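A short write-up of the structure that comes next.
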Amino acid sequence: MRVAALILLPLLLAAAPALAGPEGATIDAGHGGLRYPVAKRLDLVEDHFGVKVADPYRWLENDLRADPAVRDWVTEENSLTRRYIDGLPGREALKERMQALFSHGRFTVPRKAGGRYFYGYNKGLQNQTPLYVREGLGGAQRLLLDPNGWTKDGASALAEWAPSPDGKYLAYAMQDAGSDWRTLKLLDVDSGRTLDDTVEWVKFSQIAWDGRGEGFFYSRFAAPQEGEAFRSANEDQQLFYHRVGTAQAQDQLIYGTPDRPTLSHQAQVTADGRWLLITSFQGIDPRREIHVAELTGGPITPRLLVRGPAQDWRLIGSKGTTLYFITDARAAHMRVVTLDAARPRKGPRELVPERKETLAGGSLVGNRMILAYMSDAQTVAELVELDGRKVGDVPLPGFGTAAGFGGREGDPETFFSFSGFVTPASIYRFDTTTQQYQLFAQPDLPFDPNDFGIEQRLYPSKDGTMIPITILRKKVLADHATAAPTILYGYGGFNISLTPGYSATRMAWLEQGGAYAIANLRGGGEFGKAWHDAGRGANKQNVFDDFIAAGEWLKANGYTPQDGLAIEGRSNGGLLVGAVVNQRPDLFAAALPAVGVMDMLRFDRFTAGRYWVDDYGSPESATDFPLLYGYSPYHNILSGKDYPAILVTTADTDDRVVPAHSFKYAAALQAADIGDRPHLIRVESRAGHGAGKPIDKLIDEYADSYAFLARFTGLRIRAKPE
């Protein structure tokens with residue numbers, strides 16, 4: 001997502017290997033004692049703006065449920081990977097410790113409706129988190145929904161959910177096998193009985209109840225063609241209204257843009273139930289068009305409120321006809337403005353001006369606003385009057401990340417979670433009138449957080465830009481300046497900020513004496529729009545340079561041994577790992593590219609891929625193509641170089657980043673002459689991009705992954721870490 005790629009373009013294109021092979025040729029390679037499964041090579045070469053591009057593994061884009069050849073290849077790859085990982089020392093010890101680290105109760109932030117409090121609570125090792133309700137804050141806990149009984153393998157999850165305003169009904173989304181597709185159901189809260197209402201083919205949707213609790217708004221796509229549910233592009237999303245007790249066929253179409261099929265639409269209803277806001281957007285970029293409609297019980301007639309998609313507009317609450325928004329319109333770090341729902345043409349009125357810290361979120365609770373700012377990659381929250389005057393800081397428990405703060409005008413009660421790098425999330429109740437907070441739920445810890453140190457540093461990237469990095473390790477390592485096998489993690493894209501947060505799997509690595517470093521790369525949202533823009537599109541090479549510089553800095557400053565650095569990234573971070581391994585294979589001992597975007601010339605052809613053009617650029621653009629081709633992991637594997645050990649991970653029902661990306665990349669790795677270290681792929685069954693993954697599958701994946709990294713970074717895994 002940034003600038004230096006233009007300078008490196010000729011070198012990168014010159015380095016791109018010719019992947020085309022003779023018609024019908026196959027590769028059966030032995031590397032370091034491993035014999036990889038045969039992956040046939042197609043003689044497929046396409047012309048992209050005068051550049052001949054080979055795609056010999058195009059056949060691996062086929063759905064493995066429909067293509068026996070793909071299914072057989074995946075089965076053989078998984079068998080090889082399983083045999084290799086099962087022979088690694090410490091794998092079982094890591095698994096047992098991860099299970100212990102997950103074995104504590106975990107709560108989600110409560111939501112209040114009609115005097116009832118709804119929240120998730122997991123006893124520890126339950127594959128999915130059940131949903132509970134309390135009658136009043138001090139009421140007894142009652143189980144409402146337990147998704148653990150929905151399927152035998154625990155791979156069906158409770159996804160989005162929303163109680164009706166009076167707390168009488170609960171609308172909830174069922175997610176199967178990690179897919180982004182949802183099925184919506186309704187539950188009567190008094191009886192706990194699931195109603196007959198069923199809504200299918202919902203994806204990328206919110207559940208927004210009307211003010212009377214008679215029905216809700218949701219977004220859906222047309223049913224995909226047979227066999228295309230996990231592959232076809234998602235276009236022409238429409239907004240519907242479902243009335244309780246009716247069939248989906250009777251649902252009312254509220255809004256759609258068939259003349260602009262790339263627009264998606266989401267609904268939000270103000271807390272008083274008076275106003276429906278329809279937010280339309282084209283990609284991941286926060287550029288929105290907004291329509292508003294008054295919910296009077298009669299016909300719903302949306303009117304244009306904000307023309308776009310152009311800027312970011314996020315509703316934080318309402319009072320009467322006044323709508324409160326966070327926006328980047330004429331404010332790169334965001335500001336608070338109001339709009340008049342009754343007079344859409346009136347224009348915005350500023351309440352809280354822009355400042356140097358990025359305004360990350362906000363909500364209207366009681367008769368005040370809570371605004372959350374990003375400061376040095378952590379949360380700082382402030383209490384502000386509705387006229388924009390600051391009341392004071394929201395007291396937070398320490399260094400970390402706060403999330404939640406939902407509420408409504410007139411009710412001063414809200415809840416938030418707070419977590420740190422070595423402390424799981426605790427839940428707090430906060431009163432905006434008294435400005436007091438109290439603990440609602442806190443997990444028991446099977447370790448002492450004080451044993452671990454958190455260091456925040458700055459390091460220079462290739463162009464001199466200073467990049468923040470956080471290093472986690474045992475204090476004893478820091479006290480003795482001991483270099484330790486290190487995992488370096490990054491993302492760098494889509495305006496997403498890496499803030500303090502707890503990970504039980506990461507804690508297992510730290511307990512064994514490893515270090516973990518998190519780099520806040522350009523392309524993220526830690527420092528506002530300019531930081532994001534400096535790492536996307538033509539500037540994407542900046543992200544790779546930042547990550548490479550982080551690895552060099554960790555070695556130069558004695559945090560990690562010269563042969564002890566591993567890298568990890570997921571999704572866009574998987575792309576990051578794949579790209580930097582190609583550019584600097586000598587720097588890393590091992591790599592974990594997970595559910596990554598690996599073919600930058602075809603990403604926009606599948607499911608949600610079209611949304612990412614905002615950040616990556618378009619393969620169909622003559623300007624963007626050479627940039628994408630220049631760093632695409634699949635197209636830039638360099639034979640003749642010694643590569644680190646690589647474990648690619650993906651899942652068979654990932655319909656966010658389709659597994660074809662990882663399949664093609666792994667096949668190309670295994671066909672290339674890149675040294676004797678293993679280059680394996682692990683394909684999870686009945687799992688998706690990450691959300692909804694059962695705890696047992698999550699533990700197995702990370703026990704495999706971190707045992708693999710330990711083997712090549714020199715981390716010794718002990719049954720009982722010191």
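Keep in mind that what you see is a predicted model, and the values were worked out from it rather than measured.
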By side chain to side chain contact (heavy atoms under 4.5 Å, CB included), which residues pair with T653, not counting sequence neighbours? R65, A177, F230
With sequence neighbours left out, which residue pairs that include part of residues 583-610 fulfil the ring pair (Phe, Tyr, Trp, His ring centres under 6.0 Å) condition? F603-Y616
K697 with E684: basic N within carboxylate O range, under 4.0 Å: yes
Applying salt bridge (charged side-chain N to carboxylate O under 4.0 Å, His left out) as the test, list every pair that has at least one member in residues 623-652; sequence neighbours left out. none
Those residues that, when tested against P500, pass side chain to side chain contact (heavy atoms under 4.5 Å, CB included) (two or more places apart): Q378, F399, T401, F421
Mind checking ring-ring contact (aromatic ring centres under 6.0 Å, His included) for Y702 and listing every partner two or more places apart, or none if nothing turns up? Y706
Kindly confirm or rule out a cation-pi arrangement of R473 over Y516, judged by NZ or CZ under 6.0 Å from the six-membered ring centre and within 45° of its axis? no
Ring centre gap for Y57 and F663 strictly below 6.0 Å: no
Salt bridge present between D312 and R288 (N-O < 4.0 angstrom): yes
Between N520 and E526, is any side-chain donor less than 3.5 angstrom from a side-chain acceptor? yes
Only counting residues at least two apart or in another chain, list the ones meeting ring-ring contact (aromatic ring centres under 6.0 Å, His included) with Y559. W553
If you apply the rule salt bridge (Lys or Arg N to Asp or Glu O under 4.0 Å), what do you find for R522 with D463, and how did you get there? CA-CA 12 Å; R522 285 176 283 184; D463 63 359; 2.9 Å; yes
Within the side chain of T465, is there an N or O that forms a donor-acceptor pair under 3.5 Å with the backbone of S461? no
Is it true that the side chains of E160 and Q175 contain a donor and an acceptor less than 3.5 Å apart? no
Salt bridge R260-D236, side-chain N to carboxylate O under 4.0 Å: no
Mark yes or no for whether N62, through its side chain, and W59, through its backbone, hold a donor-acceptor pair below 3.5 Å. yes
Can you list every salt bridge (charged side-chain N to carboxylate O under 4.0 Å, His left out) pair that touches residues 555-576, not counting sequence neighbours? R570-E701
Give every residue pair that meets the salt bridge (charged side-chain N to carboxylate O under 4.0 Å, His left out) criterion with at least one member in residues 660-671, sequence neighbours excluded. D55-K664, E61-K664, D599-K664
Quick one about T505 and S503 (side-chain donor to acceptor, distance below 3.5 Å, no hydrogens or angles considered), yes or no? yes
Please identify each residue that fulfils side chain to side chain contact (heavy atoms under 4.5 Å, CB included) with R610, with sequence neighbours left out. E235, T262, S264
With no hydrogens and no angle check, is any side-chain donor or acceptor of W509 less than 3.5 Å from a backbone partner on A515? yes
So, T607 versus D655: side-chain donor-acceptor pair below 3.5 Å or not? no
Between N636 and N582, do the side chains contain a donor N or O and an acceptor N or O under 3.5 Å apart? no
Side-chain donor-acceptor contacts of residues 45-52 below 3.5 Å, not counting sequence neighbours, with atom names and distances?
{"unit_1": "E46", "atom_1": "OE1", "unit_2": "R58", "atom_2": "NH2", "d": "2.9"}
{"unit_1": "E46", "atom_1": "OE2", "unit_2": "R58", "atom_2": "NH2", "d": "3.2"}
{"unit_1": "D47", "atom_1": "OD1", "unit_2": "G50", "atom_2": "N", "d": "2.9"}
{"unit_1": "D47", "atom_1": "OD2", "unit_2": "K52", "atom_2": "NZ", "d": "3.3"}

Please walk me through it: do K462 and D546 pass salt bridge (Lys or Arg N to Asp or Glu O under 4.0 Å)? CA-CA 7 Å; K462 182 178 181 179; D546 292 353; over 6 Å; no
Do F204 and Y611 have their ring centres less than 6.0 Å from each other? yes
SB check R656 D654 (cutoff 4.0 Å): no
Establish, from distance only, whether the side-chain atoms of Q583 and Q541 form a donor-acceptor pair under 3.5 Å. yes
Please enumerate all residues that pass side chain to side chain contact (heavy atoms under 4.5 Å, CB included) together with H265, with sequence neighbours excluded. Y255, T257, L263, I278, S280
Selection residues 576-591 - residue pairs positive for salt bridge (charged side-chain N to carboxylate O under 4.0 Å, His left out), sequence neighbours left out: E552-R584, R584-D586
Check for a donor-acceptor pair, side chain of S632 on one end and backbone N or O of M600 on the other, with a separation under 3.5 Å. yes
Does H679 offer a backbone N or O that forms a donor-acceptor pair with the side chain of Y36 under 3.5 Å? yes
